[in-house]
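Presented below is the structure to which this report refers.
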Amino acid sequence: MTTRNGLFGWYFGTSLLLRIIVALVAGVVVGIGLTFGSPEVAKQFVSSTAFFGDVFIRLLKMIVVPVIAFSLITGAAGITPSRLGRVGIWVLFYYIVTSAVSVVLGLGFAALTNPGAGMNIIGSAAAVAKSASAPSMITILLNVVPTNIFESLAKGDILPIIFFAMVFGIALSYAKDSSDKAVARGAEMLFDITSAAAEVMYKIVGGIMQYAPIGVFVLISSVFAQQGPKAVGPLLLTTLTFYAALVVLLIVGYGLLLGAFGLNIVTFLKGAREAMITAFVTRSSNGTLPVSLRVCEENLGVPRSIASFSLPLGATINMNGTAIYLGICAVFISNAVGMPLNFNQQIMVVMTATLAAIGTAGVPGSGAIMLLMVLDSVGLKIDAGSAAAAAYAMILGIDALLDMGRTWINVTGDIMVSAVVAKQEGELDATVWQQQPARA
Ligand code: ASP
């Protein structure tokens with residue numbers, strides 16, 4: 001009993017990130033080690049541990065729809081219609097445009113380095129490499145609007161669910177503002193319930209993440225037992241491609257946008273530094289919110305009226321780092337299973353990943369959950385034992401490292417848009433930006 005308590009105490013007492021990294025390294029070592037022994041032993045290891053990896057993937061799939069639905073409903077309903085004036089529209093505009101640009105940037109970087117190409121991963125079950133028939137653009141757009149939301153929920157169709165959740169959330173925010181007291185009261189109650197439900201989903205994601213080290217160990221050791229040391233290169237390339245794209249977005253993308261408003265990127269980075277570091281280590285936009293709010297107001301001169309609206313909204317819907325990640329990982333996985341994305345599928349990824357990034361909750365690991373949906377939209381089903389599941393498992397293995405980077409940029413993007421909109425509205429306190437020439 002004491003030992004059990006001790007083991008549990010040790011497990012939960014150690015930082016999750018550390019546990020995941022240890023699991024990753026141990027998985028790589030054990031997996032590669034197995035390739036030196038008898039192939040029978042390696043096969044036996046893979047089949048007898050598969051259960052623990054499959055449980056992890058199933059848990060992630062389980063939580064996809066509820067997380068998107070509740071997170072988006074609360075995010076959209078949190079926008080008070082009366083505040084959704086000029087500032088709100090601009091904030092939303094920048095959030096959506098920067099997300100779409102980020103996915104394209106991710107796909108562009110992936111096209112340069114082609115991560116996963118030539119790997120030819122075969123699943124432990126029969127390889128399921130069915131080529132997706134690419135629907136036309138009109139069909140893609142039409143399919144965003146559900147004809148039956150319950151059918152979409154049951155089937156886990158991401159685009160219609162996101163569309164409906166946003167429409168529902170916006171309608172709920174109007175209902176909260178209703179002059180009819182009974183309607184307003186009911187809507188407030190419904191809002192409280194959906195907010196609480198969103199929190200419950202975040203707790204479940206947090207719980208699933210506690211299992212992540214075990215899942216990561218099993219998945220990664222199986223991948224390396226089957227692939228051998230040659231899997232290290234593609235994963236490293238994916239990570240490097242991803243971080244290169246993040247840095248380019250930060251320096252060039254954000255730098256240009258800030259510059260267009262006469263704001264200096266260096267001053268910006270200095271001011272936002274604390275929130276950026278917090279995001280990197282906590283891997284949670286929501287968790288970083290108090291720090292983002294403070295740096296925005298104190299270091300960057302964004303008035304509270306704007307920051308208190310744009311940052312919580314951004315932590316829910318603006319995920320530029322996640323958008324880049326979704327693009328690059330979709331390319332990696334499709335390449336790895338020998339089904340590189342065609343042009344139509346890439347367009348599909350831009351659309352789905354933009355919306356999936358909007359639907360990503362600001363908690364650790366949720367981007368990896370959304371990746372499932374993006375893959376699904378281009379015909380890559382993550383079924384136990386499939387080649388796509390093995391490739392997805394490789395990403396899951398390094399997900400903590402990618403999550404740090406994406407959260408870092410997610411939060412920086414929120415702060416950047418807050419500063420830009422404040423400047424655009426003439427409400428930015430110029431004294432903190434003294435270093436660069438002020439523009440009217
Ligand atoms: N962890 C990220 C965030 O909180 C979301 C993600 O997993 O992509 O911003």
What is the distance from atom CG of Leu355 to atom CD1 of Ile161, rounded to the nearest 0.5 Å? 12.0 Å

Can you check side chain to side chain contact (heavy atoms under 4.5 Å, CB included) on Ser386 and Lys381, steps first, answer last? CA-CA 8 Å; Ser386 66; Lys381 299 249 179 283; over 6 Å; no

Out of the candidates Leu293, Val91, Val295, only one should pair with Leu311 under the side chain to side chain contact (heavy atoms under 4.5 Å, CB included) rule; please name it. Leu293

Out of Ile73, Val200, Thr74, which residue meets the side chain to side chain contact (heavy atoms under 4.5 Å, CB included) rule with Ser195? Thr74

Donor-acceptor contact below 3.5 Å, side chain [X] vs main chain [Y]:
X	Y	value
Gln210	Gly207	no
Asn410	Thr322	yes
Ser334	Val331	yes
Asp157	Ser152	no
Lys176	Ala77	yes
Thr288	Val291	no
Tyr211	Phe52	yes
Ser99	Tyr95	yes

Kindly give the heavy-atom pair with the smallest separation between [X] and [Y], and that separation in Å.
X	Y	answer
Asn318	Gly413	ND2-C, 3.6 Å
Ala353	Leu326	O-CD1, 3.6 Å
Ser173	Ile170	OG-O, 2.7 Å
Ile382	Ala388	CD1-O, 3.7 Å
Ile220	Met394	CD1-O, 4.1 Å
Ser284	Val363	OG-CA, 4.0 Å

Side chains of [X] and [Y]: closer than 4.5 Å at any heavy-atom pair?
X	Y	value
Ile415	Val302	no
Val248	Phe109	yes
Met319	Tyr325	no
Phe309	Val421	no
Phe332	Leu237	no

Aromatic ring pairing Phe268/Trp433, orientation class (parallel under 30°, perpendicular over 60°, tilted between): parallel

Parallel under 30°, tilted from 30 to 60°, perpendicular over 60°: which one fits the rings of Phe168 and Phe164? tilted

Answer yes or no: does atom CE of Met189 have more than 12 heavy-atom neighbours from other residues, nucleotides or ligands under 6.0 Å? no

For Ser366 and Tyr202, which I'm curious about, is there any donor-acceptor pair between the side chains at under 3.5 Å? no

Electrostatic pair Lys61:Asp54 at N-O distance under 4.0 angstrom: no

